[in-house]
Amino acid sequence: ELVVHGATDNTLALSDINGWSIQSVCAGEVAVTRLALSPDHTILFVGGDDGRMSARSAKTLQACQRFPPLTGDASVGGISAVCLSTCSNYLFVGTAAGAIEVFTTDAIRSGR
């Protein structure tokens, strides 16, 4: 079993359940404060208080897609929640401003 955790210093870390560090990567400009794992445990969705999102390989933590930053009223306060639909086809992003953004995950899951 593995544990993934993020931090506001823009790092994303993978550890075993005993806390031994396996890998740590810089998440770029994304302050890692919200995480969601796909039901098949292959894709990790990372969001932050700055309104940025990315999809990453759950195995390597490398980015496979970056989403456009939230804009307008939705961007105020950043991302407050991230979750996937049970079919894993839709990513729901809740914002601190009370908006919900919906993204499809088809391109990510097909490797495009």
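Numbers here simply count residues along the sequence, with the first being 1.
- Of the possible polar contacts, none joining the Thr104 side chain to the Tyr90 backbone as a donor-acceptor pair under 3.5 Å is found.
- The backbone N or O of Trp20 lies less than 3.5 Å from no partner atom in the side chain of Asn18, so there is not a single donor-acceptor pair.
- The OG atom of Ser24 sits 7.5 Å away from the CG atom of Leu12 when rounded to the nearest 0.5 Å.
- Side chains of Val3 and Ile17 form a contact here, defined as non-hydrogen atoms less than 4.5 Å apart.
- Minimum interatomic distance between His41 and Ala58 (heavy atoms only, all atoms of both residues): O-CB, 3.5 Å.
- A donor-acceptor contact shorter than 3.5 Å is absent between the side chain of Ser54 and the backbone of Arg66.
- Rounding to the nearest 0.5 angstrom, the gap separating the OG1 atom in Thr42 from the NZ atom in Lys59 is 11.5 Å.
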>> Under the criterion side chain to side chain contact (heavy atoms under 4.5 Å, CB included), I'd like the reasoning laid out for Leu61 against Leu44: C-alpha separation, chi angles, the key distance, then a yes or no.
In response: CA-CA 8 Å; Leu61 303 180; Leu44 180 67; 4.2 Å; yes

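- Judged purely by atom type and a 3.5 angstrom limit, Arg56 has no side-chain atom pairing as donor or acceptor with the backbone of Phe45.
- The cluster map of Ile, Leu, Val, Met, Phe, Trp and Tyr, joined by side-chain heavy atoms under 4.5 Å apart, puts Met53 and Phe92 in different clusters.
- Interatomic distance, CD1 of Ile100 versus SG of Cys83, reported as 8.5 Å (0.5 Å rounding).
- Under the side chain to side chain donor-acceptor pair (under 3.5 Å) criterion, Ser80 pairs with no residue at all, not counting sequence neighbours.
- For Ser57, the side chain to side chain donor-acceptor pair (under 3.5 Å) criterion is met by Thr60, not counting sequence neighbours.
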> Would Leu91 and Val82 count as a side chain to side chain contact (heavy atoms under 4.5 Å, CB included) if you check the C-alpha gap in whole Å, the side-chain angles of each, and the deciding distance to 0.1 Å?
Replying inline: CA-CA 7 Å; Leu91 175 68; Val82 179; 3.5 Å; yes

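- The shortest heavy-atom contact between Pro39 and Thr86 is CG-O, 4.1 Å.
- Across Ser38 and Asp40, no two heavy atoms sit closer than the pair OG-OD1, 2.6 Å.
- Here the options are Leu37, Val46, Ile22, Leu14, the test is side chain to side chain contact (heavy atoms under 4.5 Å, CB included), and the partner is Val4; only Leu14 passes.
- In this structure, OG1 in Thr95 is found 8.5 Å from CD1 in Ile79, a value given to the nearest 0.5 Å.
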> Under the side chain to side chain contact (heavy atoms under 4.5 Å, CB included) criterion, do Leu84 and Thr105 qualify, and how do the steps go?
Replying inline: CA-CA 9 Å; Leu84 283 157; Thr105 62; 4.0 Å; yes

